[in-house]
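Residue numbers begin at 1 in each chain, while the letters A, B, ... track the order of the sequences.
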Number of protein chains: 2
Amino acid sequence: MTTAAQGLHSHVLATLGLAITAGEHPPGTVLRTDELAQTFDVSRTVVREVVRVLESMHLVESRRRVGVTVLPTESWNVYDPQVIRWRLAGADRPRQLRSLTVLRSAVEPVAAGLAAVHATPDQCRELTERALGMVATSRGRQLEAYLVHDIAFHRVVLNASGNEMFARLGDVVAEVLTGRTHHHVMFEDPDPAAVTLHVQVAEAVRERDAARAEALTREIAVGALKELDVLAP
Amino acid sequence: MTTAAQGLHSHVLATLGLAITAGEHPPGTVLRTDELAQTFDVSRTVVREVVRVLESMHLVESRRRVGVTVLPTESWNVYDPQVIRWRLAGADRPRQLRSLTVLRSAVEPVAAGLAAVHATPDQCRELTERALGMVATSRGRQLEAYLVHDIAFHRVVLNASGNEMFARLGDVVAEVLTGRTHHHVMFEDPDPAAVTLHVQVAEAVRERDAARAEALTREIAVGALKELDVLAP
DNA sequence: GTGACATAAAAGTAGTACTTTTAATTCCCG
DNA sequence: CGGGAATTAAAAGTACTACTTTTATGTCAC
């Protein structure tokens, strides 16, 4: 059971998409639609719709008289949430987590700076609440509860930035944080220093101190990068 | 001629996608597949494939007994290059340019810093060449030639960062730079200060000075933001 | 060997028939 | 009169079949 699916389309899409992003069917592989139809025991219609979607993600290319060719990784729409999810579920999850964390480290500080300028009172309040929630759940193996607050916190910052491109990264950040928690640290409580930094970011945003919000968030980012050994020691 | 298209599918997709992102069919609008088939004078098969693609971009949602509903802007996959292109071609092009420029301002400095660490000798060389090309074409209304170098320069930086998420933003940056040139400055030569900064970035990368490459690129970004009045005066 | 030509393989398109889901309406009972 | 269960019908989902179009590849003449 890789992915639940009501509807044949969803099922085939999930299976095939995952297979391709996981590296079965490596780039260059040629698939034929009626062969796929047979494999999945669905009609060609369904397969064609799936192929069209995969094509729009630039995972494959469909050419007449040739078939459906798997494209090289460089062409993939790596920002497509679906593709990200598939890759996080597959083999090169570590690599994926790394590159997404680097992206976060670039985006979130700037987003925090903008949030300090644009955040509504409501957003300021939720930010503070979430930071306090993180503090409250930061000790004693309450990792799941902590994660919820952490995700919400970062999502609010991204939304409050007022930039739609940033806002749409909320899901990505959620995936990264979830992946991190559920993967390699799972046991130990979160770093107290990081928790403090979140509280201070909330403070800075509330006080409209953009430079400080940005700098503090950059520190959080550095911490996240270190955790994944992306940084030189 | 909105978009060239060999193949009915591409044509319908381009037309409908553009229409939706442009704000005709505002969010909440319900379209029916056979109605669309009639409108475009194609078979329901073609329409369904198009709808499936639009659905994967989260522009629409298709529900039984209801029809194809246009989703609110917040759900759109704004990182999908296709969506970006449609929106840049449509009505809220200015807004789109603004948010993309903010994204650039966050990503490119970090990318430049990483490039200083990871760039191959080849990439360093091309970077220098492109910077010099910019200098050479920066005076005397050679805007098109300048643009080519400018795009290539930024693309190399993003690629050299070694991060695939950054690398994939090359097209976005290209669109933004093109839009900027072809839009509101078209007449006057590029800012000499910006040109110099590019040369210095190439230098910093070549000398493996990550901090300097990042700082300089940040200055370029500030310039781009100012140009669009994103920054407070 | 090279270029024109023929062939066939695979995707693209169309149309139709049927199934499934589900919003909305109806209708019965309290 | 009101609310909930049963019915209905509208629209998408699926399947299948027939046909068209493109084009890689192999063939043949020169």
Side-chain angles (χ1 to χ4, degrees), chain A residues 1-17 19-20 24-72 75-76 82, chain B residues 2-17 19-20 25-72 75-76 82:
Chain A
M1 184 216 67
T2 30
T3 306
Q6 83 278 49
L8 296 182
H9 176 85
S10 322
H11 173 246
V12 176
L13 181 61
T15 310
L16 197 52
I20 292 174
E24 326 168 23
H25 316 308
T29 308
V30 175
L31 311 164
R32 261 149 311 134
T33 49
D34 19 7
E35 187 181 285
L36 288 172
Q38 217 173 330
T39 309
F40 287 103
D41 192 37
V42 294
S43 71
R44 212 164 65 101
T45 314
V46 172
V47 172
R48 298 202 77 263
E49 287 172 11
V50 169
V51 167
R52 278 263 135 93
V53 171
L54 294 175
E55 216 174 355
S56 89
M57 297 170 173
H58 289 89
L59 293 185
V60 304
E61 185 193 41
S62 175
R63 289 174 59 200
R64 272 175 154 134
R65 166 71 213 228
V66 172
V68 177
T69 315
V70 178
L71 292 174
S75 347
W76 297 0
Q82 186 60 92
Chain B
T2 30
T3 307
Q6 81 279 52
L8 297 181
H9 176 86
S10 322
H11 173 247
V12 176
L13 180 62
T15 310
L16 197 52
I20 292 173
H25 317 310
T29 308
V30 176
L31 310 163
R32 262 149 310 133
T33 49
D34 18 8
E35 189 181 284
L36 289 171
Q38 218 174 327
T39 309
F40 288 104
D41 191 39
V42 295
S43 71
R44 212 165 65 100
T45 314
V46 172
V47 172
R48 298 202 74 265
E49 287 172 11
V50 168
V51 167
R52 278 263 135 91
V53 171
L54 293 174
E55 216 174 357
S56 88
M57 296 170 173
H58 290 90
L59 293 185
V60 303
E61 184 193 41
S62 176
R63 290 175 57 200
R64 271 174 156 137
R65 165 72 211 224
V66 173
V68 178
T69 315
V70 178
L71 292 175
S75 348
W76 298 357
Q82 185 62 90

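- Between the CD atom of B:Glu49 and the C1' atom of D:dA12 there is a distance of 15 Å, given to the nearest Å.
- What separates CZ of A:Phe40 from P of D:dT14 is a distance of 14 Å, to the nearest Å.
- Close to C:dA14, at under 4.0 Å from its OP1 or OP2, lies no side-chain N or O of B:Thr45.
- Whole-Å rounding puts the B:Arg48 CZ to C:dT13 P distance at 15 Å.
- A 4.5 Å side-chain heavy-atom check between A:His9 and A:Val53 finds at least one atom pair inside the cut-off.
- Applying the 4.0 Å criterion to OP1 and OP2 of C:dG12, one finds that A:Arg52 has a side-chain N or O inside that range.
- Between B:Arg52 and B:Glu49 no salt bridge is recorded (no basic side-chain N to carboxylate O distance below 4.0 Å).
- The base of C:dA10 does not come close enough to the side chain of A:Arg65 for any donor and acceptor atom to sit less than 3.5 Å apart.
- No more than 12 heavy-atom neighbours from other residues, nucleotides or ligands sit within 6.0 angstrom of CD on A:Gln38.
- Sparse packing is recorded around NE2 of A:His58, with 12 or fewer heavy atoms of other residues, nucleotides or ligands lying under 6.0 Å away.
- Note: B:Ser56 OG to A:Met57 CE = 5.0 Å, rounded to the nearest 0.5 Å.
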Practice problem: Dump the intermediate steps for side chain to side chain contact (heavy atoms under 4.5 Å, CB included) on B:Val66 and B:Glu61, then the final yes or no. | Solution: CA-CA 10 Å; B:Val66 173; B:Glu61 184 193 41; over 6 Å; no
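- Within residues 57-64 of chain B, the residues approached by DNA chain D to less than 4.0 Å at the level of any non-hydrogen atom are B:Ser62, B:Arg63, B:Arg64, in residue-number order.
- Each of A:Val66 and A:Arg44 has a nearest nucleotide on DNA chain C; the 5'-most of these lies closest to A:Val66.
- Rounded to an integer number of Å, the gap from CD of A:Glu55 to C1' of C:dG12 is 11 Å.
- Residues B:Trp76 and B:Ile20 meet the side-chain proximity criterion, which asks for heavy atoms closer than 4.5 Å.
- Remark: C1' of D:dT17 and CG of A:Asp34 are 13 Å apart, rounded to the nearest angstrom.
- Note on B:Val42: only backbone sugar-phosphate atoms sit closer than 4.0 angstrom, heavy atoms only; bases stay farther off.
- Nucleotide C:dA11 holds its C1' atom 16 Å from the CG atom of A:Leu54, rounded to whole Å.
- Note: CZ (A:Arg32) to P (D:dA24) measures 16 Å, nearest angstrom.
- For the pair A:His9 NE2 and D:dA15 C1', the interatomic distance rounds to 16 Å; values are reported in whole Å.
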